[in-house]
Amino acid sequence: MANTDDDRRPKYQRIADSLREAIQSGEYGPGDRLPGENDLMAEHGVARMTARQALGVLKDEGIAESRKGAGVFVRDFRPLRRRGIQRLAQEQWGSGRSIWSADIENRTLVVDQVTVLEEDAPERIALVLDLAGDDRVCVRRRRFVLDGKPVLIATSYLPAPIVAGSAITQEDTGPGGTYARLAELGYKPVHFREEIRSRMPTKDEATQLSMSAGTPVVLVCRTAFADEGRPVEVNEMTLDAASYILEYDFDA
């Protein structure tokens, strides 16, 4: 009988697929320890490197994580469902709610490593914000930690002349966040554009997000526009791909 395509898969991939199916079926739940290298070697008759590669596949996919001296465990972090349209609705930030409240339900979100500075605008940002040559930007840098796990680092750029002296230049922007404050200043966001791509993280990004080796990041660049198409914010976000589900729900 001829071999199937599945039979031609590398042994480590077949072992990884078997473990993944066991996780999805509930045989191994969140926080459970997976069979170790020695267990897989004995069960499947493979070399240590093959067993290590199989576990590495699951870690690279964000399904499993290593704990030093203890083994490999099923990740117990529940991915964050980022509702890309609902979270930016005016009824969200306009009523004083954080745009994050559309995503996190009753989970614990902490924003740390917050810095707010006035800087010269990078060329790419100056072009998008249509800044004059000597205009500077208010730069807000933050890290978002959900249930103790860093999931996002973000840098927002806003034209300094329009936000000077407002709460946007403070670490805590108040109820409704930056968009509510822009509305109070007469620059209410009425349109958003998001561009999304993916790549492997830099060393600094991997450290800040406490990422497992081999996990990519998702880059989201959002531009907010006020009336007459005036750009008022560029927000560059770096997401741990293993921590997110990106959801877009809209009518046909």
Side-chain angles (χ1 to χ4, degrees), residues 4-84 100 103-110 143-154 196-220 237-249:
T4 65
D5 287 342
D6 281 352
D7 290 335
R8 290 195 292 269
R9 289 175 302 165
K11 286 185 178 180
Y12 78 87
Q13 188 66 62
R14 279 181 272 164
I15 296 170
D17 290 347
S18 176
L19 289 171
R20 189 187 306 103
E21 290 170 6
I23 293 169
Q24 292 172 344
S25 71
E27 181 178 343
Y28 298 104
D32 285 351
R33 185 183 182 279
L34 293 172
E37 293 176 8
N38 291 338
D39 301 318
L40 296 177
M41 291 166 61
E43 180 179 352
H44 297 279
V46 296
R48 183 173 300 279
M49 181 56 69
T50 301
R52 185 171 298 166
Q53 286 179 299
L55 293 171
V57 169
L58 301 183
K59 289 188 286 185
D60 289 349
E61 293 176 356
I63 296 172
E65 60 185 359
S66 292
R67 297 180 189 172
K68 191 171 183 179
V72 178
F73 294 77
V74 180
R75 288 189 71 189
D76 58 7
F77 180 82
R78 179 161 51 99
L80 174 64
R81 188 171 293 274
R82 184 182 188 272
R83 295 175 170 87
W100 275 81
D103 304 332
I104 63 173
E105 300 169 346
N106 61 349
R107 302 171 71 180
T108 301
L109 176 72
V110 174
R143 184 177 74 160
F144 295 80
V145 181
L146 184 67
D147 295 342
K149 167 70 175 72
V151 295
L152 165 71
I153 47 180
I196 301 175
R197 61 191 180 95
S198 182
R199 59 165 168 76
M200 298 307 294
T202 65
K203 183 177 180 180
D204 182 59
E205 289 167 343
T207 298
Q208 287 194 68
L209 292 171
S210 301
M211 296 175 65
S212 300
T215 304
V217 290
V218 175
L219 306 178
V220 180
M237 295 162 273
T238 303
L239 291 62
D240 174 1
S243 297
Y244 275 90
I245 296 171
L246 306 184
E247 177 183 300
Y248 295 88
D249 185 4

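Nothing fancy with the numbering, it's 1 onward along the sequence.
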**Prompt:** How about Leu146 and Thr108: do any of their side-chain heavy atoms sit closer than 4.5 Å?
**Reply:** no

**Message:** Just verifying a value: how many Å separate Glu65 CD and Leu55 CG, rounded to the nearest 0.5 Å?
**Reply:** 13.0 Å

**Message:** Around atom CZ of Arg67, are there more than 12 heavy atoms from other residues, nucleotides or ligands closer than 6.0 Å?
**Reply:** yes

**Shortest non-hydrogen contact from Arg143 toward Val145** = NE-CG2, 3.9 Å

**Asked** Do Arg33 and Asp39 have side-chain heavy atoms sitting under 4.5 Å apart?
**Response** yes

**Prompt:** Does any non-hydrogen side-chain atom of Asp60 lie less than 4.5 Å from one of Leu58?
**Reply:** no

**Message:** Please report the interatomic distance CG(Leu109) to CH2(Trp100), rounded to the nearest 0.5 Å.
**Reply:** 5.5 Å

**Message:** Checking the side chain of Thr207 only, and the main-chain atoms of Lys203 only, is there a donor and an acceptor separated by less than 3.5 Å?
**Reply:** yes

**Prompt:** Does a side-chain heavy-atom distance below 4.5 Å link Tyr28 with Phe73?
**Reply:** no

**Message:** Testing the basics here: between Leu209 and Lys149, what is the closest heavy-atom pair and its distance to 0.1 Å?
**Reply:** O-NZ, 2.9 Å

**Asked** How about Ile15 and Val46: do any of their side-chain heavy atoms sit closer than 4.5 Å?
**Response** yes

**Lys11, NZ atom: more than 12 neighbouring heavy atoms under 6.0 Å** = no

**Note, Ile23 side chain near Leu34 side chain (heavy atom, < 4.5 Å)** = yes

**Prompt:** Residues two or more places apart in sequence or in another chain: which of them pass side-chain contact (heavy atoms from CB on, under 4.5 Å) with Pro30?
**Reply:** Asp76

**Request:** Calculate, to the nearest 0.5 Å, the distance between atoms CG and CD belonging to Leu19 and Gln24 respectively.
**Result:** 11.0 Å

**Item:** Inter- and intrachain pairs under salt bridge (charged side-chain N to carboxylate O under 4.0 Å, His left out), touching residues 204-215, at least two apart
**Value:** Arg199-Glu205

**Request:** Please answer whether the main-chain N or O of Leu219 pairs with a side-chain N or O of Thr238 as donor and acceptor at a distance below 3.5 Å.
**Result:** no

**Request:** Search all heavy atoms of Ala154 against all heavy atoms of Phe144 and return the closest pair with its distance.
**Result:** CB-CE1, 4.0 Å

**Fill in**
Tightest non-hydrogen contact, residues Pro201 and Pro216, listed as CD-CA, 4.1 Å

**Request:** Indicate yes or no: at least one non-hydrogen side-chain atom of Met237 is less than 4.5 angstrom from one of Ile153.
**Result:** no

**Shortest non-hydrogen contact between Arg75 and Ser243, atoms and distance** = NH2-OG, 3.9 Å

**Fill in**
With Met41 as partner, the option from Arg48, Arg52, Met49 fulfilling side chain to side chain contact (heavy atoms under 4.5 Å, CB included) is Arg48

**Message:** Quick check with a 6.0 Å cut-off and a 45 degree axis cone: is Arg82 positioned over the face of Tyr244's six-membered ring?
**Reply:** no

**Message:** If you define the side chain from C-beta out and look only at heavy atoms, does anything of Leu246 sit under 4.5 Å from Val218?
**Reply:** yes

**Message:** For a quick test of reading the model, state the closest non-hydrogen atom pair linking Pro35 to Leu40 and the distance between them.
**Reply:** CB-CD2, 3.9 Å

**Message:** One thing to verify: whether Arg20 and Asp17 come together as a salt bridge, which I'm taking to mean a side-chain N less than 4.0 angstrom from a carboxylate O.
**Reply:** yes

**Prompt:** Does a side chain donor of either Ser66 or Lys59 reach within less than 3.5 Å of an acceptor in the other side chain?
**Reply:** yes

